[in-house]
Amino acid sequence: MAQCVQSVQELIPDSFVPCVAALCSDEAERLTRLNHLSFAELLKPFTRLTSEVHMRDPNNQLHIIKNLKIAVSNIITQPPQPGAIRKLLSDVVSGSQPAEGLVANVITAGDYDLNISATTPWFESYRETFLQSMPAADHEFLNHYLACMLVASSSEAEPMEQFSKLSNEQHRIQHNNDYSYPKWFIPNTLKYYVLLHDVSAGDEQRAESVYEEMKQKFGTQGCYLLKINSRTSNRASDEQIPDPWSQYLQKNSIQNQESYEDGPCTITSNKNSDSSLLSLDGLDNEVKDGLPNNLRAHPLQLDSSSDPSNTIDGPDPVKSASSLHETKKANTGVIHGACLTLTDHDRIRQFIQEFTFRGLLPHIEKTIRQLNDQLISRKGLSRSLFSATKKWFSGSKVPEKSINELKNTSGLLYPPEAPELQIRKMADLCFLVQHYDLAYSCYHTAKKDFLNDQAMLYAAGALEMAAVSAFLQPGAPRPYPAHYMDTAIQTYRDICKNMILAERCVLLSAEILKSQSKYSEAAALLIRLTSEDSDLRSALLLEQAAHCFINMKSPMVRKYAFHMILAGHRFSKAGQKKHALRCYCQAMQVYKGKGWSLAEDHINFTIGRQSYTLRQLDNAVSAFRHILINESKQSAAQQGAFLREYLYVYKNVSQLSPDGPLPQLPLPYINSSTTRVFFGHDRRPADGEKQAATHISLDQEYDSESSQQWRELEEQVVALVNKGVIPSNFHPTQYCLNSFSDNSRFPLAVVEEPITVEVAFRNPLKVPLLLTDLSLLWKFQPKDSSGKNDEEVKELVTSEHEMIGTEVISEFLINNEESKVARLKLFPHHIGELHILGVVYNLGTIQGSMTVDGIGALPGCHTGKHSLSMSVRGRQDLEIQGPRLNNTKEEKTSIRYGPDRRLDPIITEEMPLLEVFFIHFPTGLLCGEIRKAYVEFVNVSKCPLTGLKVVSKHPEFFTFGGNTAVLTPLSPSASENCSAYKTVVTDPTSVCTALTSSASSVDFGIGIGSQPEVIPVPLPDTVLLPGASVQLPMWLRGPDEEGVHEINFLFYYESVKKLPKIRHRILRHTAVICTSRSLNVRATVCRSNSLEDEEGRGGNMLVFVDVENINTSEAGVKEFHIVQVSSSSKHWKLQKSVNLSENKDAKLGSREKGKFCFKAVRCKEKEVATQYSEKYTFADIIFGNEQIISSASPCADFFYRSLSSELKKSQVQRSVHTEKQSLEDAVRLIQKCSEVDLNVVVLWKAYVVEDSKQLILEGQHHVILHTIGKEAFSYPQKQEPPEMEPLKFFRPENTAVSLRPSVEQLSNLIKTSLHYPESFNHPFHQKSLCLVPVTLLLSNCSKADVDVIVDLRHKTTSPESLEIHGSFTWLGQTQYKLQLKGEEIHSLQLKACFVHTGVYNLGTPRVFAKLSDQVTVFETSQQNSMPALIIINNV
C-alpha cells in the first residue's frame, strides 16, 4: 500500500469515535447560519480534545485517553441512501488528484526506473469518508449516539420551554417505533443543554439569567452557555480570521470545483451532447445500450459502465451536474465563520472540553460500570446456570424470549435487550475510549456467545473488533490475529452479503498488515475484495495492492504494473477518468520498450481515449501515434479501430488550431532514401509505326553497368566536341537521381520542364490507408534573369502557382502491408532555387473496413472512387541522409555523412528539348540483313537546337548514309523493288567481269583520326528550329551474331545560345534487336601460279569464297540468292569469276553450301591510292541482272563500319603485342609480304514466306582478308579458352628468344614459277639425251632487297624422291646466287636433261632467301599447290 499521512495507530481511533447528536431550535440554527454553518459544522474543527482525559475503569483503575475526538452531527431520521453515499465517495475521489508539482518517488527495481507517486491522498480521503459515512447497524454500537446536545438560543421568547420541546422531540425520535433511525446506544441517552448566545445582537443579562435557570433545572454538569457571533458579519474585518472549516466542508460537499470543470460532465453546455461527443469514453450510445452484461464484465474492456448513472442510484448525472454548477457558483465567494472572532473559536473549543469532561465521559464511565455489573451478575450465577439453561433448551433462548426470535440468512437476530448484546455494548464503549484490553476480552467473550448461537453477523463484527483491539493493545501482549479478520471478511461477504462491512474489515486489516510490512498478505486481502458490484472500490483496492507489490523487499514490478492496469480499467468504468489515465501512465513505464507490443498497444489506446475524454488532446494524439508507428501485431480489425480513433482525435486537435502548422503524420512510412527524382517529360507511348526513344524513365530499374556505359558514351561525344579533351567541369547528365547516383551537387532542372518525385510509401498496418489530395511541399527562391536572388523566400502559398505548379493526386490507396510509390510532379515556371521539403496529404481509411470495440465508422465526408470514413491533413518531411564520407583519415575515424541534394534542384533557363521517333524500326533481323527505317527528330521546346550527334558502341549496326547518299537519287528500279540498295540494271554480256567504282571513306564519316562511334546527324542547315521536325532515312544491318542485342544510342545536342550552366543535353535510346542465323561466309586468298599478267606486274591472286546457308527454317526463309560479290581494297580488286556455272543465279537452299572462286588482280597505278589516302576501289561481280553499287550507301557504309570495328579489334591485339617486345624490322618486312588487304562483300537476297505473302529480304556479309593462305570468316570466331598451364614454382632463366618469322610468312617472300612446255616430243632413237629449256621466274614479293640462292641439286633423303627425281637432272650451274630488288621479277634459264619418256615433276629446285642486310638465311620451301609436270614423248 502507498504511504499514508496517519499511522494505523492514529487512523483506527480516529475512525471509531463517540457519536453525539445535535438537535437545534430554529432560532439557534439561524444564529449559526449567519456563519454559513450548521451547529454540527460549527463544532467540527474543534471536536478533538487538546489534552489527555482520565477516567476510571470498572476495576477503579485510572485510564488515560489520548487525542480523544468526538463526532457531533445533526439528527437525520432517514438513513442515508446508498446511492448518495456512493456519489459522495465518487466525488471525494475525483476531487482528490495528485498535486501538480508533486515530486514522484523514483524506485529502481532490477532494470526498471519507475516514477511512482508515493502517497495516494484520494485513497485516504475515500477511506476517511467511507468510515465516517457508514450507516449505523443493529449488530454493533460503535456509531450509535451516546448523547444528544439540545441547542436553543438566548434570544427566544421562552428558552426553557424550547428546551423541553427539544427534549420531548429527542425522546420521541429515540423511543417511538416510527423511527428506526438514527440508532441510540442505550435507552437513557445523555441530554446536554446548550444555550447559544449571539454576543453582537443578544441581551447578555437575559442570557445569563436563562443560564442560571438552566443550571437550577439540569444541573451544572448538564448545561452550557455558548457565546458566539462576537462581531457583525457586514462589518469590514480589519483582521483576517482563519477559516478552519473549509477543509472539513470541502471533503463532504459535493461541489468540488475541479471534478466538474474538467470531468466528463462539462458536456452539459451542449444541447445534444450525447450525439456530438463519442459519449464519455468514445462509445456510441446505441452500442452501449446493446452491450450484454457479461460483455461489460470483461476485465480489460473499456465499456459502458463508465457512465456515472450506472454506478450511482441517484439523480440523472447531467442534471445533478448542472444543479451542482449553480450551488457551486453560489458557494464560491462564501466565508465561513464570518461573525466569529478568535475568542469565539476558543469558546467553542472550551465548550467541547466541558461537554466531554463533565458530560460525555462521566456518562460513558457510568454506562460501562452498569454493563459490567450486569455481566458480573450474569457471571455471578456462576455462569453455569446460564449455560445450563441454554443446554436444556438445546441451544435456543429462554422460552419467554422465543417469540422475539428472528432468523435471517446470517443467522440469529437478537432483540436490543439481549444479554449477549450488552457484552458487545460494553466492548464497543471500551473501544471508543481506547480501553483496548478490556474491549478485547469483551469482544472475545461475545464472539464465543455469538458463534454458539450461530449468529454470524454478530460473530463477524466481534471477530473484526477483537482483531483490531488485539492489535491496538498497549505493549502488544498478543500477536495480531489476522485469521479473525479473514473469518470476519468471509462471513460478511459470503454469508451476510454485506460488502460495506467486508470493505471496512479489508481497509483496517490491510493497514495493519502494511504496518507490519506484510505486503504480500495485504495485497492478497485487497485483491480478494475486488468485485463487480463496485468499480470505484475495486479500482482503489487494486491500486493499493499494486503499491503493496512495489513496496515489497524485492519489488514485483510486473505485478505492480498489471494491477495498476486493472485499477485503471476499473477507475475508467467508475467514471474516474483522471485516475484511470494516471494508472495507465504509471503502468506504461513498466511495459514500454520491453517487446510486449500487445500490452503496450492496449495501454496506449486507453491512455489515448482517456486523455481525449479529459480534453488532453496532445497526449491523446501522441498515445495513438505510438500504437500506429510500432510494428503492430494486432488483428486487422483492431488496427482499423486504432486508426479511426487516431484520426478522430487528430481531427479535433487540428480544429482547435486550424491556422497552426501542419502536424507530422505517422502513417504511412516513407522510405526517404529510396526517393527518386526525375527531370523531364514522361515518354510518349508508341503510336502505330512510330516508336519514341526509350530515353530514361522511372519505370527503369537502376543498373550500374548500363549507367557506366551511358556515361562513357557521353564522355566520348563530349571529348570529340571539345577537340579530344573532356572539360574539367564536365559532369555526366543525370536525368534520374536515386540512392545510387552522385547527389553531392545541386541538380539542374530546366524551366517549364516537369520535375517528378517518386516517394516510396509503406503501409505497416493490416488495414488499407487512403491518402487524398497528395502533393509535394516545397520552398522556392526565385531569381531574376540576371541571377540575383529576390529577397523574400516564399513558402507553399496557393497564390504561388505562377512560380511552381504543383500536381495533386486526388486519391492514393495503399493496401494493407503494401509498399507503393507515388509520383508527384512540380512544374517550375521561373528560374531559381527549389527545395522539396516533403509531402502533404489527408490521411484516412476506407469506409466499411470492420467496426471494432463497438466503434462504428464515422459518417463519410468524401466522394470519390473509395468512400473515405474520416481524414486529417498533415505532412511528412523527406529527409535523405547522404553517403558516409570515407576519404580523409578524420572522416574514416568519425561517422560523417555528405550532403544529398537530389531534392534541391536549381531551375535554369530554357533549353532545347529533342524528341526522337523511330518509324518502321524492326525488332527482328537476319544476321547481316539490311533494312531501311526512318528517324524523326522533333524539337518540342521554344529554343533552336544544333550540333546533333549520335554515339553508339555499335556503329556497324546503323548508318544515316554517307555524303554521297544525298547526291545520288534513288534509281527507279530500286524504288520498284523497295530495295534499300542503290541498283543499276546491267547488260547481261558483262556478267563475268567486274564493274569497278571507287569511294573515299571520308565520305562515309570514317576519317583516320575520328571516332567511328560518334556520328553527326545530317540535319538540313544543322539547326532544328522550335517546333520543327525532320525525318531522315536510317539503314540498319543485323549484327553478325545471332541472339538478342541491346544497342544503345545516345543523341547529343546543344542550344544555339551558349548557356553557362548546361552546355549540352542528351537523349538515350536502347534498341532491342533479335537476330537469327542467315549465311556463313568463309574466304581464303592464295597466289596464282599463272604468269600471264595482263594488268602488268604484281601477280594475281585467287580468292575462294564458301557460302553456307545456316538458317534454321523457323524464320520462314525459303532460300538465299547470292546476287553479287564485291571486293573493296586500296590495292586489289576482283577481276572475274572463275568457276561460273551455267545458271547465273546462285541459289542456296537450307543447309546448302556454295563455292565461288574469283581471280583478283592488283589495281592499276592510277587506281592505286597513295598509302595514306582513304580511297578504296570497289569491284562488283554480279550474278543477277542488277548491279548493286557497292561504293554507295548503304553498302559502303556498313562495309566501312565493319572495317573500322575490325581494325579497332586488331589494333587492340596488336598494341598488346608491341608492348611485349619490339619486332625486328626483318620480320616485319617478311610479314608484310604475306599480307593482302582485300575485303569481300557478299550481297544476298532471301525469299521469306510470312503470312502467306512472299517477302524479299536483302543483306550483306563482309569478309576481311589479311593474310595469304589464311581462312577468314564473316562471323566472329569463338575463342577457345586456353588450357590451364601447370604452375611453375621456379623462375625460368631469361633466355632471349630469337624472333623467327613463321614458315608461311617465309614461303611468301619469294614467289617462284616454272615456265615450260606441257609436253615435249623428242626422238630418243636419234638422240639419247633430251634437253628441255625451263624458265624459273623468281619474283620478290617484299619491298626490300632479297638475296636468293637457287639450289638445283636433288635432296637424297628418301628412297621415294629418288624414284621420282632420279630420272632427270638439271644441266649447267647447280647453284645460283642472285639479289632481287624490291618487287623485282627475275628469270633464270635452266635446262633439264631426260633419258626416258615419261611424266616428270620439274618442281625440284630449292630456293633460299634472306634479306640482303640480314645474316640469317631463311629457306623458302616451295608452296606450289600443283606439281610442275612435264610429259616427254618419243617421236
Side-chain angles (χ1 to χ4, degrees), residues 16-23 55 58 70-79 135-151 163-194 217-219 221-223 355-356 358-378 397-398 400-401 403-406 412-433 438-439 442 446 449-450 455 457-458 461-462 465:
F16 300 100
V17 294
C19 293
V20 178
L23 198 56
M55 65 173 277
I70 62 169
V72 181
S73 56
N74 293 337
I75 290 181
I76 300 165
T77 54
Q78 281 299 317
D138 287 332
H139 73 288
E140 64 178 22
F141 305 96
L142 289 163
N143 52 1
H144 289 198
Y145 287 131
L146 276 163
C148 180
M149 291 182 183
L150 304 170
V151 188
F163 279 128
S164 63
K165 268 188 197 168
L166 292 171
S167 178
N168 292 337
E169 177 70 11
Q170 188 276 328
H171 190 273
R172 192 172 63 81
I173 289 171
Q174 182 172 355
H175 296 291
N176 192 333
N177 287 335
D178 296 346
Y179 296 101
S180 61
Y181 199 87
K183 308 281 184 190
W184 302 88
F185 209 101
I186 46 175
N188 53 341
T189 304
L190 166 71
K191 292 179 184 168
Y192 195 79
Y193 299 89
V194 182
K217 188 172 179 184
F218 308 122
Q221 307 286 321
C223 57
F355 165 71
T356 313
R358 303 278 174 85
L360 186 61
L361 283 179
H363 175 70
I364 291 173
E365 198 174 316
K366 186 176 83 176
T367 310
I368 290 176
R369 281 179 191 281
Q370 284 173 357
L371 291 168
N372 191 47
D373 291 347
Q374 282 180 24
L375 284 174
I376 287 171
S377 66
R378 188 176 146 199
K397 294 277 173 264
V398 217
E400 297 94 65
K401 277 203 223 167
I403 311 146
N404 300 326
E405 267 184 33
L406 294 162
L412 196 66
L413 283 183
Y414 292 101
E417 64 278 4
E420 288 86 351
L421 289 189
Q422 307 312 313
I423 305 181
R424 170 73 208 230
K425 269 185 187 172
M426 178 172 166
D428 284 351
L429 268 180
C430 295
F431 190 86
L432 290 174
V433 293
L438 189 50
C442 293
D449 288 347
F450 293 143
L457 178 65
Y458 296 89
M465 297 316 292

* To do: Drop me the distance from Lys217's NZ to Tyr193's OH, to the nearest 0.5 angstrom.
  => 7.0 Å

* To do: Indicate the ring-plane relationship of Phe431 and Phe16, choosing parallel, tilted or perpendicular according to the 30° and 60° boundaries.
  => perpendicular

* Asked: Less than 6.0 Å separating the ring centroids of Tyr192 and Phe218?
  -> no

* To do: Start with the C-alpha distance between Leu23 and Val151, add both sets of side-chain angles, then the distance that settles side chain to side chain contact (heavy atoms under 4.5 Å, CB included), and finish with yes or no.
  => CA-CA 6 Å; Leu23 198 56; Val151 188; over 6 Å; no

* Flag side-chain contact, heavy atom, 4.5 Å: Leu150 against Ser167 -> yes

* To do: May I ask you to test the Glu169-Lys165 pair for a side-chain heavy-atom distance under 4.5 Å?
  => no

* Derivation of the side chain to side chain contact (heavy atoms under 4.5 Å, CB included) call for Gln78 and Tyr179 -> CA-CA 8 Å; Gln78 281 299 317; Tyr179 296 101; over 6 Å; no

* Chi angles and distances behind the side-chain hydrogen bond (donor to acceptor under 3.5 Å, both in side chains) call for Gln370, Gln374 -> CA-CA 6 Å; Gln370 284 173 357; Gln374 282 180 24; 6.0 Å; no

* Asked: Within the distance-only criterion (no hydrogens, no angle test), does the side chain of Gln174 pair as donor or acceptor with the backbone N or O of Pro187 below 3.5 angstrom?
  -> yes

* **Minimum-distance pair of heavy atoms, taken over all atoms of Ala462 and Phe450** => CB-CD1, 4.0 Å

* **Any Leu432 side-chain heavy atom under 4.5 Å of Leu146 side chain** => yes

* Asked: Any side-chain heavy atom of Val20 sitting closer than 4.5 Å to one from Cys148?
  -> no

* Asked: Of the non-hydrogen atoms in Trp184 and Ala147, which two are nearest, and what is the gap between them?
  -> CZ3-O, 4.3 Å

* Rounded distance [0.5 Å steps], CG in Asn143 versus NZ in Lys183 -> 10.0 Å

* To do: Anything under 30° is parallel, anything over 60° is perpendicular, the rest tilted; go ahead and classify His175 against His171.
  => tilted

* State, with a plain yes or no, whether a side-chain heavy atom of Leu166 is found less than 4.5 Å away from one of Lys191. => no

* Please lay out, stage by stage, how Lys425 and Ile186 fare under the test side chain to side chain contact (heavy atoms under 4.5 Å, CB included). => CA-CA 9 Å; Lys425 269 185 187 172; Ile186 46 175; 4.3 Å; yes

* Does the ring centre of Tyr458 sit less than 6.0 Å away from the ring centre of Tyr414? -> yes

* Structure fact -> Value for CZ (Phe185) from SG (Cys19), rounded to nearest 0.5 Å, stands at 9.5 Å

* Side-chain heavy atoms of Leu429 within contact of Leu371, under 4.5 Å -> yes

* To do: Could you tell me whether the side chain of Leu438 reaches within less than 4.5 Å of the side chain of Pro58, counting heavy atoms only?
  => yes

* Quick one: does Arg424's side chain get under 4.5 Å of Leu142's, heavy atoms only? -> yes

* Atom pair SG/CE of Cys442 and Met465 - distance to nearest 0.5 Å -> 12.5 Å

* **Check against side chain to side chain contact (heavy atoms under 4.5 Å, CB included), Met55 and Ile368** => CA-CA 11 Å; Met55 65 173 277; Ile368 290 176; 4.0 Å; yes

* **Over all atoms of both residues, closest heavy-atom pair of Ala136 and His144** => CB-CD2, 3.9 Å

* **OG1-CG distance between Thr367 and Asn372, expressed to the nearest 0.5 angstrom** => 12.0 Å

* Which value, rounded to the nearest 0.5 Å, describes the distance between Asp428 atom CG and Ile423 atom CD1? -> 12.0 Å

* To do: Using a strict 4.0 Å threshold on nitrogen-to-oxygen distance, state whether Arg369 and Asp373 make a salt bridge.
  => no

* Compare every heavy atom of Ile173 with every heavy atom of Pro182, then report the nearest pair and how far apart it is. => CD-CG2, 3.9 Å

